[in-house]
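Comments concern the structure below.
Here is the naming used below: chain letters follow the sequence lines, and residue numbers restart at 1 for every chain.
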Amino acid sequence: MPELPEVETTKNALSNFITEAKVIEVEIFKEELRWPINNNLKSDIKNSIILNPFRLGKYIIVPTDRNKCLLLHLGMSGFLKISKKKIKVKKHDHVKFTFLNTKHEEIYVLYNDTRRFGFIDYFDNDKLNEHFLIKKLGVEPLSLDLNTKYLLKKFNNRDVTIKTSLLDQKIVAGIGNIYASEILFLSKIHPLLKVKFLDKKMANRLCKSIKYILKKAIDKGGTTIKDFKNPDGQIGYFKQDLLVYSRKGMECFDCEKHIKMINFSGRATYYCKKCQGFEKKFLKEI
DNA sequence: CGTAGCGCCTGCCGGC
DNA sequence: TGCCGGCAGGCGCTAC
């Protein structure tokens with residue numbers, strides 16, 4: 001479900017509701033996620049004050065005034081429900097947090113993850129950068145760290161397809177399967193192009209497209225394909241802006257050709273053969 | 001070392 | 001209607 005824009009949307013909602021709020025209660029209903037929820041969480045975080053949450057790649061970090069932080073990852077199917085009204089606990093709700101905000105209103109936050117590919121961690125603030133997952137992350141796509149030069153350096157001599165590279169969180173953090181297809185369509189680059197063949201012009205287009213697509217998706221509150229909802233129950237409106245993803249067989253918006261769907265590395269990839277064509281010698285053997 | 005592929009989970013949808 | 005295979009927004013681990 002969540003790629004950078006959905007995680008950003010979630011983080012912003014969390015920020016609006018619980019910044020400076022006090023943790024009143026933590027209830028863990030099902031600790032099994034990708035890894036079991038850190039047991040210290042329940043007792044340790046109680047009575048902490050929440051500082052401003054932020055995002056790194058697809059991770060949400062919630063720091064507290066006790067130099068600890070909560071790390072949230074939503075996996076494939078995770079999402080948060082945030083409300084000022086009591087929320088009934090449902091299937092696949094793993095944790096429920098109760099906060100008291102500065103207006104002395106109770107805020108409820110539920111972490112729900114059907115497929116359990118997400119996880120929650122809790123540890124010392126100063127350990128964040130050396131956290132085994134965080135330390136691997138590449139540059140933030142919306143920062144100046146992501147530029148043409150950086151991409152060319154990372155792609156130099158590598159024998160991987162551009163689609164695979166966009167999904168590689170060690171290069172750029174936050175792009176997932178939907179936005180990878182979208183970005184490549186906008187860049188007019190074939191998903192199976194080996195990155196070592198990427199020239200400066202293409203890298204420049206790619207860089208601009210990454211920033212453009214992600215920004216636009218954030219503005220629209222993310223993409224709702226199946227059941228993604230923002231924490232306040234709103235769906236994301238980027239779906240109607242999707243150029244190729246989930247449009248197999250439909251007409252390309254730029255030419256009369258039909259959108260292709262291929263499957264490699266176990267993931268669906270959508271593209272327009274005409275708009276994203278390139279010389280056959282560059283094509284990876286399928 | 002870098003890369004490809006598997007497997008983790010549950011639910012839903014389309015085809016028979 | 002019911003069953004079954006395929007598929008789903010992520011990512012760590014293992015084998016090569």
Side-chain angles (χ1 to χ4, degrees), chain A residues 1-11 29-37 55-60 71-80 90-94 111-121 131-138 141 153-184 191-192 194-196 213-214 217-218 220-230 235-239 241-249 261-270 284-286:
Chain A
M1 176 208 309
E3 304 183 34
L4 187 148
E6 292 74 36
V7 177
E8 178 74 12
T9 304
T10 302
K11 181 270 291 178
F29 308 111
K30 197 188 279 181
E31 71 168 47
E32 297 85 11
L33 285 167
R34 175 178 279 274
W35 295 287
I37 297 170
R55 179 192 57 71
L56 291 176
K58 297 174 197 170
Y59 298 89
I60 295 172
L71 181 69
L72 304 175
H73 188 272
L74 302 174
M76 201 85 133
S77 53
F79 65 98
L80 298 183
K90 291 193 175 157
K91 204 175 178 183
H92 306 302
D93 282 336
H94 286 81
Y111 176 100
N112 180 292
D113 186 4
T114 306
R115 292 175 69 187
R116 298 195 265 134
F117 292 162
F119 68 93
I120 298 176
D121 205 352
H131 191 278
F132 79 110
L133 297 163
I134 299 296
K135 70 179 179 190
K136 291 188 243 179
L137 293 178
K153 195 179 97 194
K154 285 285 174 189
F155 292 163
N156 185 35
N157 268 325
R158 287 184 69 178
D159 195 35
V160 224
T161 66
I162 182 73
K163 167 72 189 311
T164 303
S165 292
L166 284 183
L167 295 180
D168 186 346
Q169 305 298 302
K170 295 190 286 300
I171 301 175
V172 180
I175 301 169
N177 205 39
I178 293 180
Y179 297 109
S181 283
E182 296 299 298
I183 287 162
L184 288 172
L192 297 181
K194 294 287 183 81
V195 289
K196 61 187 174 190
I213 292 283
L214 295 179
I218 292 169
K220 298 252 178 174
T223 301
T224 297
I225 290 286
K226 282 200 178 135
D227 55 358
F228 172 74
K229 283 198 173 96
N230 302 335
I235 59 162
Y237 287 99
F238 193 73
K239 191 190 173 187
D241 296 76
L242 290 177
L243 302 169
V244 286
Y245 190 89
S246 81
R247 298 195 65 246
K248 180 184 180 180
M261 197 270 265
I262 49 170
N263 216 298
F264 74 105
S265 333
R267 328 261 353 234
T269 301
Y270 299 84
K284 177 191 166 189
E285 300 288 329
I286 314 169

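- To the nearest whole angstrom, the two P atoms, one in B/dC1 and one in C/dC11, are 23 Å apart.
- If you measure from atom NZ of A/K248 to atom C1' of B/dG14, you get 13 Å, rounded to the nearest angstrom.
- Within the nucleic acid shown, A/F119 has no heavy atom closer than 4.0 Å to any nucleic acid atom.
- In this structure, A/L167 reaches neither bases nor backbone, as no heavy-atom distance under 4.0 Å exists between it and the strands shown.
- Distances shorter than 4.0 Å separate none of the side-chain N or O atoms of A/H92 from OP1 or OP2 on B/dC9.
- Listed for the A/E3 side chain is a donor-acceptor partner under 3.5 Å among the backbone atoms of A/I178.
- If you take atom P in C/dT14 and the same atom in B/dC9, they sit 15 Å apart, rounded to whole Å.
- For the OP1/OP2 pair of C/dC11 and a distance below 4.0 Å, the side-chain nitrogens and oxygens of A/Q169 include at least one atom meeting the criterion.
- Between A/E32 atom CD and B/dC9 atom P the separation is 10 Å, expressed in whole Å.
- One P atom belongs to C/dG9, the other to B/dT3, and the distance between them is 23 Å to the nearest Å.
- A close approach under 4.0 Å does occur between a side-chain nitrogen or oxygen of A/H73 and OP1 or OP2 of C/dC11.
- A distance-only check finds a donor-acceptor pair linking the side chain of A/S181 to the backbone of A/Y270 [under 3.5 Å].
- Comparing C/dG12, B/dA4, C/dA8 by their closest approach to the side chain of A/T164 singles out B/dA4.
- When heavy atoms are screened at a 4.0 angstrom cut-off, A/R158 is found touching the sugar-phosphate backbone but no base atom.
- Contact between A/V172 and A/P141 at its shortest, heavy atoms only, is CG1-CB, 3.7 Å.
- Checking C/dC11, C/dG12, B/dT3 against the side-chain heavy atoms of A/K58 singles out C/dC11 as nearest.
- Pair check for C/dC4 finds B/dG14; Watson-Crick or G-U wobble, both atom distances under 3.5 Å.
- Residue contacts shown for A/D113 are absent, as no nucleic acid heavy atom lies under 4.0 Å away.
- A side-chain donor-acceptor contact under 3.5 Å links A/H94 to the backbone of A/E32.
- Of the possible donor and acceptor atoms, one in the side chain of A/K58 sits under 3.5 Å from a partner among the backbone N and O of A/I175.
- When Watson-Crick and G-U wobble pairs are counted only if both distances are under 3.5 Å, B/dC8 pairs with C/dG10.
- Within 4.0 Å (heavy atoms only), A/K91 reaches sugar-phosphate atoms of the nucleic acid but no base atom.
- Annotation: A/K196, atom NZ; neighbour count of heavy atoms from other residues, nucleotides and ligands within 6.0 Å is above 12.
- Residue-nucleotide stacking is present for A/F117 and B/dC8, judged by a side-chain ring centre under 5.5 Å from the six-membered base ring centre and planes under 30° apart.
- Look at A/R267 and you won't find any side-chain N or O under 4.0 angstrom from OP1 or OP2 of B/dG5.
- At the phosphate of C/dG9, OP1 or OP2 sits under 4.0 Å from a side-chain N or O atom of A/Y245.
- Comparing A/G266 and A/K136 by the nucleotide of DNA chain C whose heavy atom lies nearest to each, the residue mapping closer to the 5' end is A/G266.
- As a whole-Å value, the separation of A/N263 CG from C/dG5 C1' is 14 Å.
- One interatomic measurement links the two molecules: CG of A/N112 to P of B/dC9, which rounds to 17 Å at whole-angstrom precision.
- Here B/dT3 presents its P atom at 17 Å from NZ of A/K163, a figure rounded to the nearest Å.
- Between A/R116 atom CZ and B/dC8 atom P there is a gap of 12 Å when expressed in whole angstrom units.
- You'll find that the side chain of A/E3 is closest to C/dG9, out of B/dG11, C/dG9, C/dC11.
- Residue A/W35 contributes atom CH2, which lies 6 Å from atom P of C/dC13 at whole-angstrom precision.
- Between A/F119 and A/W35, the ring planes are perpendicular. Angles over 60° get that label, and only those under 30° would be called parallel.
- For A/R115, no side-chain nitrogen or oxygen approaches OP1 or OP2 of C/dG9 to under 4.0 Å.
- Set against C/dG10, C/dG9, B/dT10, the side chain of A/R34 has C/dG10 as its closest nucleotide.
- A straight line from CG of A/L137 to C1' of C/dC11 spans 11 Å, rounded to a whole angstrom.
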